[in-house]
Amino acid sequence: MQNTLLLVDGSSYLYRAFHAMPDLRNPQGEPTGAIYGMINMLRRLRSDYPAAYMACVFDAKGKTFRDDLYPEYKAQRAAMPDDLRLQIEPIHEAVKAMGWPILMVEGVEADDVIGTLAVEATARGLNTIVSTGDKDLAQLVNPHVTLINTMSNEKLDEAGVLTKFGVPPERIIDYLTLIGDTVDNVPGVTKCGPKTAVKWLAEYDSLDGVIANADKIKGVVGDNLRAALDWLPQGRVLITVKTDCDLSAHHISIDESLVAKEESKEAMLAFYKRYGFKTWLRELSGDATAGATPLSSIAKATAGSGNTPAQAGLFNDDGAIPATVISNYETVLTEAQLDAWIARINAASLTAVDTETTSLEPMTAQLVGISLCCEAGHACYIPVAHQYADAPAQLSRASVLEKLRPWLEDDSKAKVGQNLKYDTHIFANHGVALRGIVHDTLLESYVFESHKSHNMDSLALRHLGKKTISFEDVCGKGAAQICFDQVELQRATDYAAEDADITLQLHLAMWPEIETDASLQRVYHDIELPTSVVLQKIERNGVLINKDLLNAQSNEIGKRLLELEQNAYELAEQPFNLNSPKQLGEIFFGKLGLPVVKKTPSGAPSTDEEVLQKLAEDYPLPKVLLEYRGLAKLKSTYTDKLPKMVNAQTGRVHTNYAQAVAVTGRLASNDPNLQNIPVRTAEGRRIREAFVAAPEHVIISADYSQIELRIMAHISGDASLLKAFADGEDVHKATAAEIFGVALDDVTSEQRRYAKVINFGLIYGMSAFGLASNLGIERAAAQSYIDKYFQRYPGVAQYMADTRTKAKAHGYVETVFGRRLWLAEINSPNGPRRQGAERAAINAPMQGTAADLIKLAMIAVQNWLENDHLQSKMIMQVHDELVLEVPESELELVRKKLPELMANVAQLHVPLLAEVGIGKNWEEAH
DNA sequence: CTGCTAGCATA
DNA sequence: GTATGCTAGCAGA
């Protein structure tokens with residue numbers, strides 16, 4: 001770009017590179033992480049943003065005008081860590097060798113140099129790109145100046161600043177002045193954060209406006225503002241980036257001195273050698289072997305590392321596992337090693353497989369390495385994409401996958417893993433179809449002990465008495481977490497090979513428990529294992545989303561929210577954050593003196609929907625809040641979020657179905673959750689219009705009718721209830737006729753509504769108290785309805801009693817298919833907890849059996865689609881509903897067959913019924 | 001940056 | 001009154 005100036009805020013990146021990188025060292029032990037990060041970043045910038053002029057700007061030593069103005073400036077900042085200070089000089093050296101002009105101006109901060117040059121560039125008709133990790137520089141953005149953050153890949157133009165901060169670039173100074181900057185020790189207004197600052201600036205336009213109207217702002221924050229009035233002008237000067245520094249005095253201007261030079265190969269070679277960057281050295285010198293660690297040293301170092309005997313016998317004295325297992329882990333770096341392992345797994349009766357990847361997102365993560373284990377204690381790790389500074393040469397990902405493909409894709413080669421649904425996605429990301437999944441330790445644990453945790457570290461502790469290396473031990477956590485491809489090979493092998501080893505041992509420990517119990521084995525083998533294969537396909541199919549429609553809805557809702565917000569401010573006679581229950585409570589119950597209806601568990605007055613409904617009868621503000629809450633939820637959770645979750649490659653949303661989290665056997669959906677898309681209100685249902693079918697396809701949805709009540713009829717065997725379903729009656733209406741003692745045809749809609757609430761209450765293990773509060777009636781009246789119900793449906797009463805008894809005696813209840821649902825607190829001495837467990841015990845068999853049924857239906861539907869070579873695809877499961885995307889040519893077929901498969905998936909004492917809907921989108925299909 | 005609470009969407 | 005997951009605000013690092 002001939003008309004572009006590229007400025008890098010070197011000082012801000014120094015810190016970020018230092019903290020983002022692991023503690024890398026060269027052979028001499030000198031720290032090199034920040035150097036590595038910095039070089040990497042500059043290389044990428046130069047290729048991504050070719051510019052006529054460029055410079056890397058650093059802070060110089062010495063005081064600046066800000067120190068004179070405010071001695072406390074940056075006073076709180078901790079001294080630079082030694083390990084970073086040691087890297088400053090080398091970084092300057094590297095930047096120069098790379099051909100970048102460096103600017104360091106004594107007495108002028110890097111920010112001010114950047115600001116001044118950006119203004120000069122604009123005056124000369126140039127566009128400026130500022131690469132920084134510091135939000136303060138957002139104040140410089142205008143049509144000719146853009147910020148980029150290479151660490152987060154974020155790009156901020158004028159619109160971007162407005163979106164990110166809620167104020168335009170010309171208000172950033174005011175905004176930052178109000179908030180203050182804790183890093184530089186510049187105070188703002190106490191308790192004023194981003195939300196409040198945006199609110200004030202929206203109300204009074206500018207900092208000067210806020211200052212002029214300071215007396216109008218109520219509350220503690222208003223007092224804080226008034227206390228800060230004297231300070232704010234000074235704060236503003238500190239926050240403001242100078243754009244008029246006299247750089248000419250330092251002979252700096254945008255001329256040939258800011259034109260990048262060729263990288264000096266000789267200097268870089270010397271530099272890489274000096275600091276031990278072997279991969280780059282190899283790259284630059286064109287010598288493929290330079291610096292590669294000899295294989296033998298790794299093999300030696302790794303074999304036998306972590307030589308702890310596993311104390312398997314401690315917890316499993318059934319002899320399934322040898323009492324001591326000596327771990328012997330191998331890093332596979334050569335063709336010969338790989339061939340030896342392929343021979344082993346081809347001969348093995350069962351092999352544990354595990355993948356290491358670049359992220360936890362199943363659809364986008366890339367393979368970093370594979371571990372295998374077919375004999376407890378003997379495992380290997382095959383790294384294929386580790387790329388830290390001096391990583392040894394590895395076999396390529398493509399070649400390893402091609403060599404392993406015949407085995408991976410062979411249905412007859414038995415595999416076990418921990419959540420292989422994830423690994424299946426990873427292999428699919430590279431064009432390999434994982435087959436032959438015969439066991440999954442995640443599902444074994446889930447079927448065996450639904451209520452316990454199923455992650456590998458806790459499983460290893462529980463079943464093998466072994467403390468494993470955790471992912472966090474290896475990669476750290478939070479912001480400082482590194483990608484697995486940055487992990488040093490020996491450490492990676494210790495961790496990854498152990499995972500495969502432990503997986504195999506876990507299987508050997510848990511399988512006997514399941515194998516010897518016919519019900520558990522059936523649930524595991526006939527339901528959970530095949531379900532996981534189906535789920536992987538559904539996730540991969542994804543759901544097509546109309547982004548434009550959602551964006552339009554977001555805009556529309558956004559406008560309405562602004563109106564409601566203003567409306568609320570007027571009613572409250574002050575601005576406040578409508579999203580903050582705390583602030584809302586202060587206004588409602590403090591300022592306006594509204595009555596407290598109920599309290600939250602932690603004692604604060606509640607402002608939830610029920611309370612607002614009640615208060616809305618007498619006051620105007622709660623009504624506004626109700627509409628605001630409803631719309632804000634739709635916008636933030638759905639219309640804003642879903643478009644962002646669309647996969648760039650497929651144009652679809654790919655949820656993740658968690659198969660082992662819900663203790664009842666249900667699935668859970670996350671990232672995004674597709675099981676809570678609104679349906680009750682008209683406003684909410686519009687979101688379903690954005691769940692669309694591809695061209696020449698339709699959405700077909702089928703849901704089980706009254707599934708849990710039917711299951712209650714089946715399990716309880718209650719004659720009246722069974723008859724109602726057998727006769728195909730409206731079950732709520734039938735219940736109402738029984739309770740109110742009237743003929744079916746005389747049931748009023750009010751009576752039916754009551755009966756419906758009671759039916760749902762029964763499924764949830766309700767009490768008279770709960771029923772009363774739900775129906776808004778006296779407790780005694782509720783109790784008499786319940787008594788009447790149990791009198792009319794004695795089988796149901798018996799079932800409730802039996803369930804409680806069984807739960808207390810065994811600690812678990814069962815579904816119709818024999819799934820065990822454990823109730824940890826069923827015998828708790830704590831009354832409320834125990835009662836909670838009793839209600840859960842009553843609900844669990846119904847919810848759990850429904851979950852079993854739809855899982856069986858999913859397996860049946862997938863089998864049918866595949867056996868008949870149909871193009872139709874399952875794309876969602878919502879507890880009692882299956883959603884398919886169907887080519888128009890298969891519409892009639894699916895419309896007929898889908899509900900049949902669902903209804904006939906099991907023969908209960910009641911008929912099962914599935915109802916079908918068809919449309920161009922999910923809303924129409926209902 | 002992390003963990004907590006409040007609130008709310010679904011079956 | 002059962003079972004989930006997600007967002008925003010906020011307090012304490």
Side-chain angles (χ1 to χ4, degrees), chain A residues 19 182 191 193-196 450 477-481 576-585 598-612 625-626 628-638 640-642 645 655-658 661-681 683-685 687-688 703-704 706-708 712 757-775 782 786 800 813 821 823 832 835-848 850-851 854 876-881:
Chain A
H19 290 295
T182 45
K191 287 279 157 183
K195 278 268 169 183
T196 312
S450 64
K477 61 172 181 170
Q481 187 166 82
F576 65 101
N577 188 345
L578 278 67
N579 291 318
S580 165
K582 192 165 167 243
Q583 292 184 30
L584 184 61
K598 69 169 173 182
K599 301 215 166 175
T600 65
S602 59
S606 167
T607 66
D608 69 11
E609 186 180 343
E610 190 193 327
V611 171
L612 293 183
L625 250 299
L626 276 170
Y628 181 91
R629 282 250 181 95
L631 292 176
K633 171 89 177 176
L634 289 184
K635 184 167 188 290
S636 65
T637 312
Y638 303 107
D640 281 355
K641 198 62 200 294
L642 283 171
M645 302 295 292
T655 187
N656 174 52
Y657 288 103
V661 299
V663 290
T664 53
R666 270 193 183 179
L667 301 178
S669 155
N670 56 42
D671 297 306
N673 183 352
L674 296 184
Q675 293 181 322
N676 71 347
I677 304 300
V679 72
R680 284 176 225 242
T681 66
E683 196 56 52
R685 272 197 299 275
I687 289 163
R688 295 188 171 220
D703 66 299
Y704 280 117
Q706 309 289 3
I707 185 79
E708 290 182 3
M712 187 166 86
V757 172
I758 291 167
N759 276 332
F760 272 100
L762 285 163
I763 294 172
Y764 296 152
M766 72 170 173
S767 62
F769 180 84
L771 181 64
S773 79
N774 202 310
L775 285 173
I786 295 175
M800 302 279 166
V813 292
L821 311 166
L823 290 310
Q835 284 160 13
E838 286 176 16
R839 291 191 297 269
I842 289 182
N843 173 257
M846 293 181 269
Q847 194 181 118
I854 195 152
M876 281 187 279
Q877 188 257 41
V878 193
H879 306 308
D880 66 359
E881 174 185 11

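Just so we're clear, the structure is a prediction, and the values are computed from it rather than from any experiment. Order of the sequence lines sets the chain letters (A, B, ...), proteins ahead of strands, with each chain counted from 1.
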Sugar-phosphate, base or nothing in reach of A/V611, heavy atoms under 4.0 Å: nothing
Short side-chain N/O contact to C/dG5 OP1/OP2 from A/S669, under 4.0 Å: no
Touch class at under 4.0 angstrom, heavy-atom based, for A/R666 against every strand present: base
Side chain to side chain, A/T655 and A/M876, heavy atoms closer than 4.5 Å: no
Within-4.5 Å side-chain heavy-atom neighbours: A/M800 and A/L762: yes
Touch class at under 4.0 angstrom, heavy-atom based, for A/E881 against every strand present: nothing
Whole angstrom value for the distance that separates P of C/dG5 from CD of A/Q877: 13 Å
Side-chain heavy-atom pair A/Q675, A/H879 within 4.5 angstrom cut-off: yes
Spacing between A/L634 atom CG and B/dT10 atom P, to the nearest angstrom: 9 Å
Touch class at under 4.0 angstrom, heavy-atom based, for A/E609 against every strand present: sugar-phosphate
N or O in side chain of A/R680 less than 4.0 angstrom from B/dA9 OP1/OP2: no
Nearest-nucleotide 5' precedence on DNA chain C, A/Y638 against A/F760: A/F760
A/L584 and A/R629, any side-chain heavy atoms less than 4.5 Å apart: yes
Selection from C/dG5, C/dC10, B/dG7 that lies nearest to any side-chain heavy atom of A/V661: C/dG5
base_contact_polar (C/dG1 base, A/N843 side chain, donor-acceptor, <3.5 Å): no
Nucleotide of C/dG1, C/dT2, C/dT4 approaching A/F769 most closely (side-chain heavy atoms): C/dG1
Sugar-phosphate, base or nothing in reach of A/R629, heavy atoms under 4.0 Å: sugar-phosphate
Touch class at under 4.0 angstrom, heavy-atom based, for A/L771 against every strand present: base
Nearest-nucleotide pick for A/N673, side chain only, options being B/dA6, B/dT10, C/dC6: C/dC6
Listed nucleotide nearest any side-chain atom of A/D880, set B/dG7, B/dA11, C/dA3: B/dA11
Distance, rounded to the nearest Å, where A/E708 contributes CD and B/dT10 contributes P: 16 Å
Touch class at under 4.0 angstrom, heavy-atom based, for A/N676 against every strand present: base
Beyond-backbone contact of A/L642 with A/I687, side-chain heavy atoms, under 4.5 angstrom: yes
A/Q583 side chain near C/dC10 phosphate (N/O to OP1/OP2, under 4.0 Å): yes
Separation of C/dC10 C1' from A/N579 CG (nearest whole Å): 13 Å
Selected nucleotide, minimal atom distance to A/N577 side chain, candidates C/dG9, B/dA9, C/dG1: C/dG9
Interatomic distance, A/R685 CZ vs B/dA11 P [rounded to whole Å]: 11 Å
Polar pair under 3.5 Å, donor/acceptor by atom type, side chain A/Q847, base C/dT2: yes
Sugar-phosphate, base or nothing in reach of A/D703, heavy atoms under 4.0 Å: nothing
Rounded distance (Å) that lies between atom P of B/dG7 and atom CG of A/L625: 11 Å
Value in whole Å for how far the P atom of C/dT4 lies from CG of A/L821: 11 Å
Protein-nucleotide distance (A/L578, atom CG; B/dG7, atom C1'), rounded to Å: 14 Å
Any A/K641 side-chain N or O less than 4.0 Å from OP1/OP2 of C/dT7: yes
Which nucleotide in B/dC8, B/dT10, C/dA3 has an atom nearest any side-chain atom of A/D608: B/dC8
A/N843 and A/I763, any side-chain heavy atoms less than 4.5 Å apart: yes
Among C/dT4, C/dG9, C/dT7, the nucleotide that comes nearest once only the side chain of A/K195 is considered: C/dG9
Validation row: A/T196, A/N577 side chains within 4.5 angstrom (heavy atoms): no
Sugar-phosphate, base or nothing in reach of A/G478, heavy atoms under 4.0 Å: sugar-phosphate
Nearest to side-chain heavy atoms of A/S580, which nucleotide of C/dC10, B/dT10, B/dG7: C/dC10
Of the listed nucleotides C/dA11, B/dG7, B/dA11, the one nearest the side chain of A/K633: B/dG7
Proximity to the side chain of A/T600 - top-ranked nucleotide from C/dT4, C/dT2, B/dG7: B/dG7
Sugar-phosphate only, base, or nothing, as touched by A/S773 at under 4.0 Å among non-hydrogen atoms: nothing
Beyond-backbone contact of A/Q847 with A/L821, side-chain heavy atoms, under 4.5 angstrom: no
